[in-house]
Amino acid sequence: MILRLVRLLLVLLVVTFLSYLLLNLLPGDPTTQILGLSASEEAREQLRRELSLDDPLFTRYLAWLGELVAGDLGTSYTTSVPVTEALAERLPVTLELLVAAQLVALGLALPIGVAAARRAGRPLDQVLTALSFGLLSTPVFVLGVLLILVFAVKWQVLPATGWTPISLDLGWNLTSVLLPAVTLGCAQTAVYARLLRTDLIATLQEDYITLARARGLSPRRILWRHALRPSAISLVTAVGLNLGALIGGAVIIETLFGLPGVGRLIVDSIFARDYLTVQGGVVLISVGYVLVNFAVDLVYVAVDPRIRRA
Amino acid sequence: MRRRLGWGFWLALGWIALVLAGAAAADLLPLPRYDETLAGPPQSGPGPDHPFGTDGLGRDVLSRVVYGARVSLGVGVGAVVLGLLIGAPLGVLAGYRRRATDAVIMGFNDVALAFPALVFALAVVAFAGASLVNVLIVLGVLGVPAWVRLVRGATMVFSEREFVAAARVLGARDRTVLWREIVPNVSLPVASYAFIGMAVAIVAEGSLAFLGLSVQAPTPTWGGLINEGRPLMENAPHVVLVPSVVMFLTVLAFNLLGDRLRALTDVRQSGLEPVRRRRADRLPAQPHHVEEGVLLQVADLRTHFTTVRGTVRAVDGVSFTLERGRTLAIVGESGSGKSMLIRSILGLAPDAGTLRGGSVYLDGQDLTELDGEQLRRILGTRLAAVFQDPMTALNPVRTIGAQVMEPLTVHLGMKRGAARARAAELLASVGIPEPARALRRYPHQLSGGMRQRVTIAMALSCGPDVLFADEPTTALDVTVQDQVLRLIRRQREERHMAVVLVSHDLSVVAEWADEVIVMYAGKVVERGPAATLFERTRMPYTEALLRAVPKLTDPAHHPLRLLPGRPPDLAAPPSGCAFHPRCPYARERCTQEEPPLFQAEVPDHLYACWYPVGTGAGVVETSGISGTAEALKAAETTGADETTDAIEGADSRGR
Ligand code: SF4
């Protein structure tokens, strides 16, 4: 446990350091990049002092880290909005999208994986396996474009873009999150279904399953009570590990579907040369990702009696 | 090789070759230039001049897709090469050197893997500028951790193999070992992952381009084309569809190549997996007579599997009867079909590709005629089974209590409270201390002996009439073995049940069994009362088994006595008497005619042999087909045959 915590801190330090380092990647004079060519010499001098650009890198990082811990990521020079505030406003959208996508993915993967495993090697399994393989090979923006083409342009049953906050109207909120969540969740569905299938096939060959059959238990009971539980536990780790891919996808989905989330904010800020906001978004996402993975690890330990120590 | 890779592989390879050739020769193709506006009317659909139509500015879509392939494939290949160049040496170093080097490299690697890669790529490109070189470097570097992990894993596997260890012992320099032995062996997994890595890089570049953060206009890229086509979706869907489909096919093709190559390294297929065709079929059975007043009668039971290599006769015409209060032992080498016999009696043999025949009567009722529901009721209450390995016999993620209580609630309809109390009694009766506490524990918290007691308690929970114990003590310590066998015998006496004990240990059999069946290649080759069978052995195979039993007079650490020769290949059993290649008494007739079961002088003692031992019939001629000495030598060098073990495993593999 102590080891885990030390590792977590270490990873967090590296992640934040790399995020801080991003500013140094700016070619030429950063003040010109941030303020634009037309900025006055005084304004630049002020920014230079604010960012303490004359200090050595590591000192600057530590100072920045101190402010980060205090919840201050600076104020955007383009919009004059504190970065933390901008992010806080956008975060709920991204979180809802991620959660909805995971629900879609798990909700689809469970029946698909179970169906494929029960009929391993037979036609249904082969079709499902091929479908999963195809889905895994579909870039998320290609899938999104196709889904928009079908559901929003051709059939016009779902909106292609736009967002209704959950506080405004739950029904519309769900409508606006449905297509993005399905797009984002689909690729994960393939990952999860594959994993579940493989794991379940292995589990169903275990002695304890044969013995459960020898005890005259019904196939359904064996599947749901005996086999699915150990397999579901392996799925928990996959959910955590795939969060990285999911977050990357969320940036694209938010842009594609016009959702006002953190990913969209980052992309918009990139084009607005609002570097502080970009940096803030990257910090938020990577730290969040590391923390969620850490939490998943803990959950895994909690639900799997095999690694839980008495 | 061609057949194993499958047509999908060649199709995918063809597609990639086509796209590559198109990208390389784009300037030579009779296409309008990608940036030539108004090459045709804007947004026009596919036609003779423009096979894939034109975009919003009247540019040829096909041309733009072909030129776009340069960036996509270039970044895909380039990023993989870069990642490999950095990652492979680190991975080999970590896997080969181990210890500190390994720890440091893998520590860094773990941290690097803890990043949301695409977001980081996005940020770096955003700050450093969107250009081909930057995109390539970022994607290449982000691929490094995965490469390190893969190469390290492959290197570790191979550096443990004998030939590498041998080369090290012989004093070969590390670098020589690396180049000669390890590099060629890790190249297949590396090639497989290279294709998958290309697919990943192409998608990542596409994502960046889609967001407008890859190579800038006017150079076309696939992701960029898809982004451009979006506003035209309503009127000219082809503008977005064509690059989408091309991109999908390309990514699919790369993934397929990687997947097929990886399947090549998979050596699990042995040709003995059941062919999955239809559900179980019935084999015609010999006419037999159902004996009255007998608890269990097995009549001409057959279980055959259709495999790629032919029909495997795992159980081939086994018959016996068993009365209450008695123990029947089934002995034979592993692969002789004894475990499959138990599973066939209980209806647990795999379904797919299986041919069944014969009957199992319990108090005169034929179990093979029952439907699933009826059979389950009997399995739960009247028949019970214990398997060899207590480590795998209990569900690791359910508590002991949940597992012991389950048959009680399902079959006996007990309420939870009552079931819990009964479960505790059961655990106490098999000698588990503090049963109430044990109910709350998980299997891994108990020792092997305790776990086997739990499985016995579960088997006994509904008061069965017959207990099938498949090598119940083989996986246990010698001291625990005796306790478990005593426990089974005590329960047999208390409950007046019958026991079928599968074992390869004849000393156990001699002590605990009333009757014995010796199996070879799925058939009964000798059968009789235990004392008679051991004293007046007729079948040479039984004699060989008896000889192989370790004797008290053996010096300590005496090497395990092996049976001479190899167990038979069940997919292609020897002609005549299946034992003839290993039999010291075999003669001409044995290779041609299969011996039936003969009646010995003691009633109920049967044997299948033309020249039984102990009757003088076997020593007339000495020109055996294989002498014992040679066979023994062969056994020393070959060991057990893996293919027959695969059959034993088949019962757990299929469903
Ligand atoms: S003597 Fe002939 S029939 Fe008897 S076991 Fe040997 S080979 Fe088989």
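Here is how names work: the chains are called A, B, and so on, in the same order as the sequence lines, proteins then strands, and each is numbered from 1.
Here the CE-OG1 distance, from Met247(B) to Thr138(A), works out to 10.5 Å after rounding to the nearest 0.5 Å. Rounding to the nearest 0.5 angstrom, the gap separating the CZ atom in Arg225(A) from the CG atom in Asn395(B) is 12.5 Å. The distance from the CG atom of Leu135(A) to the CZ atom of Phe248(B) is 8.0 Å, given to the nearest 0.5 Å. To the nearest 0.5 angstrom, Ser137(A) atom OG is 11.5 Å from Phe254(B) atom CZ. One distance of note links CG of Leu211(B) with CD1 of Ile252(A); it measures 5.5 Å at 0.5 Å rounding. Interatomic distance, Thr210(A) OG1 to Phe387(B) CZ, rounded to the nearest 0.5 Å: 5.5 Å.
Using a 4.5 Å cut-off between heavy atoms, Leu143(A) makes no contact with chain B at all. Heavy atoms of Arg377(B) lying under 4.5 Å from chain A are absent altogether. Only the side chain of Phe120(B) comes within contact range of chain A, with at least one heavy atom under 4.5 Å from a heavy atom of that chain. When heavy atoms are compared at a cutoff of 4.5 Å, Ser218(A) approaches chain B by way of both its backbone and its side chain. Proximity to chain A (any heavy atom under 4.5 Å) is shown, for Ala117(B), by neither the backbone nor the side chain. With a 4.5 angstrom heavy-atom cutoff, Ala126(B) touches chain A via backbone and side-chain atoms both. In this structure, chain B has a heavy atom under 4.5 Å from the side chain of Leu146(A), while its backbone stays farther away. No part of Ser269(A) comes within reach of chain B, as not one of its non-hydrogen atoms sits under 4.5 angstrom from that chain. Only the side chain of Phe271(A) comes within contact range of chain B, judged by heavy atoms closer than 4.5 Å. In this structure, chain B has heavy atoms under 4.5 Å from both the backbone and the side chain of Val145(A). Only the side chain of Asp259(B) comes within contact range of chain A, with at least one heavy atom under 4.5 Å from a heavy atom of that chain. Heavy atoms closer than 4.5 Å to chain A are found in the side chain of Leu241(B), but not in its backbone. Heavy atoms of Val410(B) lying under 4.5 Å from chain A belong exclusively to its side chain. For Leu394(B), the part lying under 4.5 angstrom from a heavy atom of chain A is the backbone only.
Taking the six-membered ring where the residue is Trp, Phe141(A) and Phe210(B) present parallel rings, their angle staying beneath 30° rather than reaching 60°.
For the salt bridge (charged side-chain N to carboxylate O under 4.0 Å, His left out) test, no residue two or more places apart in sequence or in another chain qualifies with Arg437(B).
Between Leu252(B) and Gly134(A), the closest heavy-atom pair is CD1-CA, 4.1 Å. Annotation for His411(B) and Gly216(A): closest pair CE1-O, 3.2 Å, computed over non-hydrogen atoms. Residues Ala393(B) and Leu211(A) come closest through the heavy atom pair CB-CD1, 3.5 Å.
A distance-only check finds no donor-acceptor pair linking the side chain of Arg213(A) to the backbone of Leu346(B) [under 3.5 Å]. For His226(A) (side chain) and Arg398(B) (main-chain N/O), no donor-acceptor pair under 3.5 Å exists by modelled atom type.
Atom CG of Leu3(A) has 12 or fewer heavy atoms from other residues, nucleotides or ligands within 6.0 Å. Within 6.0 Å of CZ in Arg273(A) there are 12 or fewer heavy atoms belonging to other residues, nucleotides or ligands.
Per-residue heavy-atom pair counts under 4.5 Å with chain B were compared for Leu149(A), Val282(A), Val278(A), Val14(A), and the maximum is reached by Leu149(A). Top candidate by heavy-atom pairs under 4.5 Å with chain B, chosen from Leu18(A), Val153(A), Leu22(A), is Leu22(A). When the candidates Val386(B), Val203(B), Asn255(B) are compared by the number of heavy-atom contacts under 4.5 Å with chain A, Asn255(B) comes out ahead. Listed options Ala128(B), Ala121(B), Ser207(B), Gly212(B) were ranked by heavy-atom pairs under 4.5 angstrom with chain A; first place goes to Ser207(B). Each of Ser244(B), Pro464(B), Ala385(B) has some count of heavy-atom pairs under 4.5 Å with chain A, and the biggest count is that of Ser244(B).
By the 4.5 Å heavy-atom criterion applied to side chains, Leu122(B) and Ile270(A) are counted as neighbours. Contact annotation: the side chain of Arg376(B) never approaches that of Leu217(A) to less than 4.5 Å [non-hydrogen atoms, C-beta and beyond].
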